**Student:** 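So that we are looking at the same thing, I have put the structure below in structure tokens.
Remember, it's 1-based here, ligands and their atoms both numbered in the order they're listed. Just so you know, these numbers come straight off a predicted model, no measurement behind them.
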Amino acid sequence: MFKAFGIVVIAAFPVLAQDGSIAAERIREHTRFLSLDLLEGRGVGQRGGEISTEYLATEFALAGAKPAGDHGTYFQKVPLVGIETTPDAQLSAAVSGKSVDFRWLEDFVGVSQRQTPQTRFEGEAIFVGHGITAPEWKWDDFKGVDVKGKVLVLFTNEPASNDPAFFDGRALTYYGRWTYKYEEAVRRGAAGAILIHTTPTAGYGWDVVRNSWGRETPFVKLAPSPEGAPAALAFQGWVTREAGEKLLALAGKTVDELLAASEKRDFRPVPLGILIRGRMPAKIRDLDTRNVVAIVPGSDPKLKDEVVVFSAHWDHLGIGTPVNGDAIYNGAIDNATGCGILLELARAWAALPQKPRRSALFLSPTAEEGGLRGSEYYAAHPLYPPAKTAIDLNYDALFPWGRAQDVVLTGAERTTVWPLAQQIAKRLNLEISSDAQPEQGHYFRSDHFSFAHAGMPAFSIGHATEFLGKPPGYGQKVWEEYNSKHYHQPSDEFQAAWDFTAVQQAAEYGFVLGMEIANQDKLPDWRPGDQFHR
Ligand SMILES: [Zn+2]
């Protein structure tokens with residue numbers, strides 16, 4: 001079966017070598033336009049975001065890619081709600097005769113998932129360690145204890161490990177992500193879940209937690225349920241380590257003691273004998289936004305019902321708090337570069353004289369910066385069924401700093417595509433570099449993850465880390481500079497001197513990989529035993 005691919009590849013290469021080939025200059029121009037001040041940082045629910053989505057739709061149409069959205073348009077409507085907990089939010093913990101009140105932002109942050117302007121709750125606190133049930137590693141923090149209606153108190157992260165056969169060693173698994181903790185709390189019918197923050201368990205300081213939860217957060221609108229209120233936590237939040245100590249002291253416990261207990265396989269939930277009460281008033285508004293989506297149909301009468309998805313989010317942070325007098329968060333690298341690639345891939349794919357067997361879907365999700373909301377919505381309302389979705393190949397923030405020597409493919413090794421991914425890298429003269437910070441859980445932080453979470457194989461084709469003709473360590477240096485000075489800042493702006501060769505290479509890599517997958521006899525899958533295997 002593998003041999004057959006050779007024919008396809010030979011057919012693919014002349015395309016890349018001709019006039020119709022993927023061009024750095026076209027990607028550059030899309031990037032330049034989408035990051036102009038005129039587009040006001042492509043904010044969700046802002047005018048610049050609307051113009052950006054019209055631009056993407058227009059370019060898809062000019063490329064010859066067909067509309068794949070609602071009612072014959074290039075748009076998939078995404079109904080979100082923006083929720084901002086107001087500073088008069090209250091959280092307290094009490095035992096007989098004693099109580100502690102926590103202060104908003106100083107001690108706690110969080111939000112009600114119920115999408116109502118006033119949420120009150122009250123429940124017994126129960127400490128559940130890391131809150132993980134992972135049968136593949138024979139780990140269960142709950143041990144069958146019923147936590148319905150209770151307020152879970154827990155730590156983020158997972159049991160410490162250097163053994164690849166236990167929670168993937170040093171790498172963070174999805175069980176260690178705070179998003180998993182709240183999902184598990186919902187599944188178990190808890191009233192709320194409070195994470196005690198520590199810098200080592202979170203991987204970042206309290207300021208990061210406070211800044212991300214102390215403002216409006218978009219959520220996918222809860223579907224009205226015939227049985228009444230949908231399952232949702234009255235409170236998902238965090239407290240500081242100091243506030244956590246005060247809370248646990250009411251039960252005669254300490255943070256260190258419970259951290260140590262939660263590292264043990266025989267850990268059992270600890271009822272704390274504390275009553276937690278809260279009131280979470282919130283400002284709520286509808287955020288009507290949209291994904292942009294186009295398709296190039298496949299050539300095989302049967303396989304064209306199946307799709308290879310390419311994705312790159314269009315949104316950035318819009319107009320926000322000024323930094324050095326600049327309030328426009330242009331998001332040139334994050335993610336005008338990815339949008340430029342997406343448009344160029346659609347153009348090159350639509351220009352192929354002989355189309356691959358499966359169809360190619362080009363998806364630009366909204367509200368990635370607000371927590372992967374556009375792709376979450378897509379995965380819940382897919383235009384093609386998950387079982388007919390071959391893979392999602394995602395682009396988010398590519399580096400235009402010369403000719404790449406490598407490509408980062410976090411998560412490709414989890415899928416059956418891995419040998420092919422390696423083979424193509426070799427052919428295109430690219431090394432595959434592994435994620436330098438596996439403990440940061442990058443795999444869970446961009447749109448491909450929404451596909452993975454719903455069981456579809458998916459990964460991102462990431463930025464280069466080594467550039468040709470540059471001294472060793474150059475890639476690391478420019479990455480650190482970008483990350484500390486420009487990432488999510490108004491200064492993420494287009495520079496005329498940028499060299500888009502590496503971005504073109506990442507696009508070519510995805511083009512060839514996507515085409516091979518579109519022509520394979522079998523759909524890709526997860527490796528057996530993977531957490532996202534369905
Ligand atoms: Zn991004």
**Student:** Please give the atom name: the N, O or S atom of Asp334 nearest to the Zn ion (ligand 1).
**Tutor:** OD1
**Student:** Determine which of the N, O or S atoms in Asp396 is closest to the Zn ion (ligand 1) and give its atom name.
**Tutor:** OD1
**Student:** Drop me the distance from Phe511's CZ to Ile341's CD1, to the nearest 0.5 angstrom.
**Tutor:** 13.5 Å
**Student:** If the condition is side chain to side chain contact (heavy atoms under 4.5 Å, CB included), which residues does Pro218 pass it with, not counting sequence neighbours?
**Tutor:** Leu80, Leu287, Arg373
**Student:** Only counting residues at least two apart or in another chain, list the ones meeting side chain to side chain contact (heavy atoms under 4.5 Å, CB included) with Ala63.
**Tutor:** Arg347
**Student:** Side chain of Asn335, backbone of Trp314: donor and acceptor closer than 3.5 Å?
**Tutor:** no
**Student:** Got a sec: is Glu369 within less than 2.8 Å of the Zn ion (ligand 1) via an N/O/S atom?
**Tutor:** no
**Student:** Check whether any N, O or S atom of His316, backbone or side chain, sits closer than 2.8 Å to the Zn ion (ligand 1).
**Tutor:** no
